[in-house]
**Student:** 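First, the structure itself, so that you have it in front of you.
The basis for the numbers below is simple: all heavy atoms, side chains too, and nothing from hydrogens, waters or symmetry mates. Not measured: the values here are computed from a predicted model.
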Amino acid sequence: MGIIVQKFGGSSVANAERVLNVARRVTDTYSQGNDVVVVVSAQGDTTDDLIVKAKEINPRASKREMDVLLSTGEQISIALLAMAIESLGFPVKSLTGWQAGMKTDSNHGSARIKRIDTERIENEISKRNIVVVAGFQGINRYDDITTLGRGGSDTSAVALAAALKADLCQIYTDVDGVYTADPRKVENARKLQEITFDEMLELATLGAQVLHNRSVEMAKKYRVNLEVLSSLERLPGTKVKEVTKVEKTLIKGVAKDSDIARISVLKVPDQPGVAYKIFSLLASKRINVDIILQSIGRDGSKDISFTVPLADKDAAVDILESHKETFGASDVHWDDTVSKVSIVGAGMQSHPGVASTMFEALSEAGINIQMISTSEIKISVLIDRQDADRAVSAIHAAFLDRE
């Protein structure tokens with residue numbers, strides 16, 4: 001047998017019953033002769049509750065102190081899960097991020113893992129202990145606690161699997177795999193047996209919330225054997241891998257992202273260097289830009305529109321407003337009532353007419369397209385947020401209900 005890394009999210013350890021359920025899943029894997037390293041998130045809404053507590057005390061608390069506070073959620077989870085595993089009669093040791101050797105940079109709130117010193121974990125494994133590690137957290141070179149940001153526990157698990165050269169990394173969630181669309185919203189959504197890293201990365205980046213895109217990037221880079229499956233039901237999951245055995249289907253999934261905003265910089269001079277000035281300004285504030293649309297220049301000016309994460313909208317608008325004279329813009333407009341709907345599939349590279357089928361489905365549903373973005377394996381459109389769920393269903397029906 002080998003080393004298996006298992007990650008359980010907040011909903012999987014939300015209460016005592018579920019913690020005990022996770023303990024049974026972990027010990028079953030261990031009893032099959034495997035060495036097991038478990039990564040857990042904070043229970044249920046613990047992180048959100050801690051954020052509320054912080055705002056009651058200091059709405060502008062430093063990111064360093066927020067990391068100290070938020071990291072306690074995972075510390076509670078690892079202790080409770082270790083206690084549950086003990087109650088079943090198995091040897092176990094819980095470790096915080098810093099005890100597990102998770103070394104990060106100093107970007108509090110969204111730190112990046114730089115390396116993992118695996119000596120402590122390997123020592124515990126050699127004693128045949130089940131090792132329970134706090135996800136979402138690490139320590140920087142100043143010995144300060146850091147947190148990894150959204151999806152951090154997924155990233156912790158994949159990083160550990162890579163560092164330990166684990167045979168398998170299993171991500172347990174409240175769904176039993178990766179679906180062609182959100183099964184809670186689309187009636188005919190189907191579970192995929194396999195999906196490529198590239199397809200999963202696009203879906204994760206475009207709004208599918210099963211896996212975080214940083215964890216998929218890392219799994220692809222280090223060739224981690226990855227599987228997504230349910231913590232509540234004992235069913236086969238979805239394998240994420242470099243190449244899938246099944247013939248490439250045209251479309252693997254439809255994703256929706258409503259956490260975005262559209263910003264338009266109006267009547268900028270139609271001359272070289274203007275786009276650079278705008279986007280370098282946003283880059284200096286670490287604001288990611290996605291779909292970009294530039295109008296044809298008329299009367300010596302043009303409009304540039306783009307999307308940003310909803311959380312960055314205010315910062316982006318503020319900095320563009322304060323510098324609009326620098327690049328000669330007449331005004332800055334924004335809209336936070338939009339959604340991005342995307343289709344993903346490696347098969348579309350060799351099939352003409354994919355875009356027209358997608359646009360026809362939206363047209364028949366009476367949904368207007370505001371912006372379009374494409375790559376080799378995805379097409380994204382920006383539409384009104386109120387139309388997003390209908391758009392996903394219409395596109396899914398056009399492509400996947402026919403297969």
**Student:** With a 3.5 Å cut-off and no angle check, do the side chains of Thr147 and His108 form a donor-acceptor pair?
**Tutor:**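 There is no such pair (donor and acceptor under 3.5 Å, judged by atom type) between the side chains of Thr147 and His108.
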**Student:** I'd like to know if Lys239 and Glu194 make a salt bridge, using a cut-off of under 4.0 Å between side-chain N and carboxylate O.
**Tutor:**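 Looking at Lys239 and Glu194, the cut-off is not met.
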**Student:** Verify the distance criterion only: is there a donor paired with an acceptor across the side chains of Arg120 and Gln99 at less than 3.5 Å?
**Tutor:**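 Short answer, no.
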**Student:** For residues 33-61, which residue pairs pass the ring pair (Phe, Tyr, Trp, His ring centres under 6.0 Å) check, not counting sequence neighbours?
**Tutor:**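 Checked against ring pair (Phe, Tyr, Trp, His ring centres under 6.0 Å) - neighbours excluded - no pair reaches residues 33-61.
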**Student:** Under 4.0 Å between a side-chain nitrogen and a carboxylate oxygen: does that hold for Asp35 and Lys127?
**Tutor:**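 A salt bridge is absent here (no side-chain N lies under 4.0 Å from a carboxylate O).
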**Student:** Applying side-chain contact (heavy atoms from CB on, under 4.5 Å) between Leu226 and each of Leu211, Ile195, Val5, report the one that passes.
**Tutor:**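 Checked Leu211, Ile195, Val5 against Leu226; only one passes side-chain contact (heavy atoms from CB on, under 4.5 Å): Leu211.
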**Student:** Between Arg214 and Glu217 (salt bridge meaning N to carboxylate O under 4.0 Å), is one present in this structure?
**Tutor:**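 Looking at Glu217 together with Arg214, the answer is no, because their closest N to O distance does not fall below 4.0 Å.
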**Student:** Donor-acceptor pair, distance only, cut-off 3.5 Å: does the side chain of His323 make one with the backbone of Ile319?
**Tutor:**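 A pair under 3.5 Å: yes.
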**Student:** Tell me yes or no: between the side chains of Gln32 and Tyr30, is some donor less than 3.5 Å from an acceptor?
**Tutor:**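 The answer is no; no qualifying pair exists.
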**Student:** Donor-acceptor check, side chain of Ser106 to backbone of Asn140, threshold 3.5 angstrom: yes or no?
**Tutor:**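 A pair under 3.5 Å: no.
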**Student:** Just by distance, do the side chain of Thr46 and the backbone of Ala42 share a donor-acceptor pair under 3.5 Å?
**Tutor:**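 Not confirmed, Thr46 side chain does not pair with Ala42 backbone.
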**Student:** Donor-acceptor pair, distance only, cut-off 3.5 Å: does the side chain of Ser62 make one with the backbone of Glu65?
**Tutor:**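 Side chain of Ser62 to backbone of Glu65, a donor-acceptor pair under 3.5 Å: yes, one is there.
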**Student:** Within the side chain of Thr307, is there an N or O that forms a donor-acceptor pair under 3.5 Å with the backbone of Ala261?
**Tutor:**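 Not at all, since once roles are kept as given, no pair shorter than 3.5 Å links the two residues.
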**Student:** About how many Å separate CD1 of Ile116 and CG of Leu164, when rounded to the nearest 0.5 Å?
**Tutor:**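 The CG atom of Leu164 sits 7.0 Å away from the CD1 atom of Ile116.
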**Student:** If we count only N and O atoms by modelled type, under 3.5 Å, do the side chains of Asp335 and Thr337 hold a donor and an acceptor together?
**Tutor:**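 Yes - a donor-acceptor pair under 3.5 Å links their side chains.
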**Student:** Quick check for you: to the nearest 0.5 Å, what is the distance between Asn213 atom CG and Thr155 atom OG1?
**Tutor:**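 Reported value, rounded in 0.5 Å steps: 8.0 Å.
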**Student:** Hey, what's the ring geometry for Phe279 with Phe306, parallel, tilted or perpendicular (30° and 60° as the breaks)?
**Tutor:**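 Rings of Phe279 and Phe306: perpendicular, as their planes differ by over 60°.
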**Student:** Is it the case that atom CD in Glu187 sees more than 12 heavy atoms from other parts of the structure closer than 6.0 Å?
**Tutor:**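 At most 12 heavy atoms, drawn from other residues, nucleotides or ligands, come within 6.0 Å of this atom.
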**Student:** Determine yes or no for a side-chain-to-main-chain donor-acceptor pair under 3.5 angstrom, with Ser305 supplying the side chain and Leu293 the backbone.
**Tutor:**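 Side chain of Ser305 to backbone of Leu293: no pair is present.
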**Student:** What pairs with Asp389 under salt bridge (charged side-chain N to carboxylate O under 4.0 Å, His left out), at least two apart in sequence or on another chain?
**Tutor:**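 For Asp389 the salt bridge (charged side-chain N to carboxylate O under 4.0 Å, His left out) partners, ignoring immediate neighbours, are Lys185, Lys256.
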**Student:** Take Ile139 and Asp144, measure what side-chain contact (heavy atoms from CB on, under 4.5 Å) needs, and give me the verdict at the end.
**Tutor:** CA-CA 5 Å; Ile139 192 168; Asp144 289 333; 5.8 Å; no
**Student:** In Å and rounded to the nearest 0.5 Å, what is the CD1 to CD1 distance from Ile343 to Ile251?
**Tutor:**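 Those atoms lie 4.0 Å apart.
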**Student:** Would you kindly say whether Ser258 and Lys340 are connected by a side-chain donor-acceptor distance under 3.5 Å?
**Tutor:**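 No pair is found: no donor N or O on one side chain lies under 3.5 Å from an acceptor on the other.
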**Student:** Should Glu124 and Lys93 count as an ion pair when the cut-off is N to O under 4.0 Å?
**Tutor:**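 Yes.
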**Student:** With no hydrogens and no angle check, just 3.5 Å: does a side-chain donor-acceptor pair link Glu227 and Thr238?
**Tutor:**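 No pair is found: no donor N or O on one side chain lies under 3.5 Å from an acceptor on the other.
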**Student:** Can a donor-acceptor pair be found between the side chains of Asp331 and His333 at a distance below 3.5 Å?
**Tutor:**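 His333 and Asp331 do have a side-chain donor-acceptor pair below 3.5 Å.
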**Student:** Does the distance from a Lys or Arg side-chain N to an Asp or Glu carboxylate O, for Asp176 and Lys191, drop under 4.0 Å?
**Tutor:**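 Yes, this pair counts.
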**Student:** Salt bridge or not for Lys114 and Asp105, using N-O below 4.0 Å?
**Tutor:**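 Result for this pair is no, no salt bridge flagged.
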**Student:** Is a donor from one side chain sitting under 3.5 angstrom from an acceptor on the other, for Thr146 and Asp67?
**Tutor:**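 The answer is no; no qualifying pair exists.
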**Student:** Evaluate the criterion side-chain contact (heavy atoms from CB on, under 4.5 Å) for residue pair Glu202 and Ser342; output intermediate values, then yes/no.
**Tutor:** CA-CA 9 Å; Glu202 288 283 10; Ser342 310; over 6 Å; no
**Student:** Hey, does the side chain of Thr29 reach the backbone of Arg25 with a donor-acceptor pair shorter than 3.5 angstrom?
**Tutor:**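 Between the backbone of Arg25 and the side chain of Thr29 there is a qualifying donor-acceptor contact (under 3.5 Å).
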**Student:** Tell me, yes or no, whether the heavy-atom count around Ile296 atom CD1, taken from other residues, nucleotides or ligands under 6.0 Å, exceeds 12.
**Tutor:**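 No, not enclosed.
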**Student:** Within the supplied structure, the quantity of interest is the number of heavy atoms (other residues, nucleotides, ligands) at a distance under 6.0 Å from Arg128 CZ; does it exceed 12?
**Tutor:**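 Yes, the 6.0 Å shell around CZ holds more than 12 heavy atoms from other groups.
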**Student:** What distance do Lys63 atom NZ and Leu70 atom CG have between them, rounded to the nearest 0.5 Å?
**Tutor:**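 Result: 12.0 Å between the selected atoms.
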**Student:** Between His396 and Thr180, does the side-chain contact (heavy atoms from CB on, under 4.5 Å) criterion hold? Intermediate values first, please.
**Tutor:** CA-CA 8 Å; His396 192 278; Thr180 52; 2.7 Å; yes
**Student:** Per the salt bridge (Lys or Arg N to Asp or Glu O under 4.0 Å) rule, what does the pair list look like for residues 266-275, sequence neighbours excluded?
**Tutor:**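 Sorted pair list: Asp270-Lys302.
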**Student:** Please determine whether salt bridge (charged side-chain N to carboxylate O under 4.0 Å, His left out) holds for the pair Asp28 and Arg234, giving the CA-CA distance in whole Å, both sets of side-chain angles, and the decisive distance to 0.1 Å.
**Tutor:** CA-CA 12 Å; Asp28 284 353; Arg234 302 210 175 206; 2.9 Å; yes
**Student:** Side chains of Ser77 and Glu74: is there a donor and an acceptor less than 3.5 Å apart?
**Tutor:**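 Looking only at side-chain atoms, Glu74 and Ser77 do not form any donor-acceptor pair under 3.5 Å.
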**Student:** Decide whether Gln370 and Asp384 meet the rule of one side-chain donor and one side-chain acceptor closer than 3.5 Å.
**Tutor:**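 On atom types as modelled, these side chains qualify, holding a pair under 3.5 Å.
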**Student:** Under a plain distance cut-off of 3.5 Å, with no hydrogens placed, do Asn107 and Ser110 share a side-chain donor-acceptor pair?
**Tutor:**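 Short answer, yes.
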**Student:** Take a 6.0 Å sphere around CZ of Arg286 and say whether it holds more than 12 heavy atoms from other residues, nucleotides or ligands.
**Tutor:**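 Atom CZ in Arg286 is not crowded, with 12 or fewer foreign heavy atoms closer than 6.0 Å.
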**Student:** Start with the C-alpha gap between Ser215 and Lys7, add the side-chain angles, then the distance that decides, and say whether side-chain hydrogen bond (donor to acceptor under 3.5 Å, both in side chains) holds.
**Tutor:** CA-CA 12 Å; Ser215 67; Lys7 179 263 175 179; over 6 Å; no
**Student:** With rounding to the nearest 0.5 Å, note down the distance linking CD1 in Ile51 to CE in Met66.
**Tutor:**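 That separation rounds to 5.5 Å.
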**Student:** Got a donor-acceptor contact below 3.5 angstrom from the Thr173 side chain to the Val175 backbone?
**Tutor:**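 It does hold such a pair.
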**Student:** Counting distance only, does the side-chain N/O of Asp117 pair as donor-acceptor with the main-chain N or O of Ala100 below 3.5 Å?
**Tutor:**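 Side chain of Asp117 to backbone of Ala100: no pair is present.
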**Student:** With a cut-off of 6.0 Å (strictly less than), are more than 12 heavy atoms of other residues, nucleotides or ligands near CE of Met83?
**Tutor:**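 No, not enclosed.
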**Student:** Going through the checks in order, is the side-chain contact (heavy atoms from CB on, under 4.5 Å) test met by Leu192 and Lys252?
**Tutor:** CA-CA 8 Å; Leu192 301 168; Lys252 276 288 173 68; 4.0 Å; yes
**Student:** Test your reading of the model: is there a side-chain donor-acceptor pair from Asp257 to the backbone of Asp259, 3.5 Å cut-off?
**Tutor:**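 Such a contact is found between Asp257 side chain and Asp259 backbone.
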**Student:** Would Arg385 and Asp387 pass as an ion pair if we require N to O under 4.0 Å?
**Tutor:**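 Salt bridge flag = no for Asp387 with Arg385.
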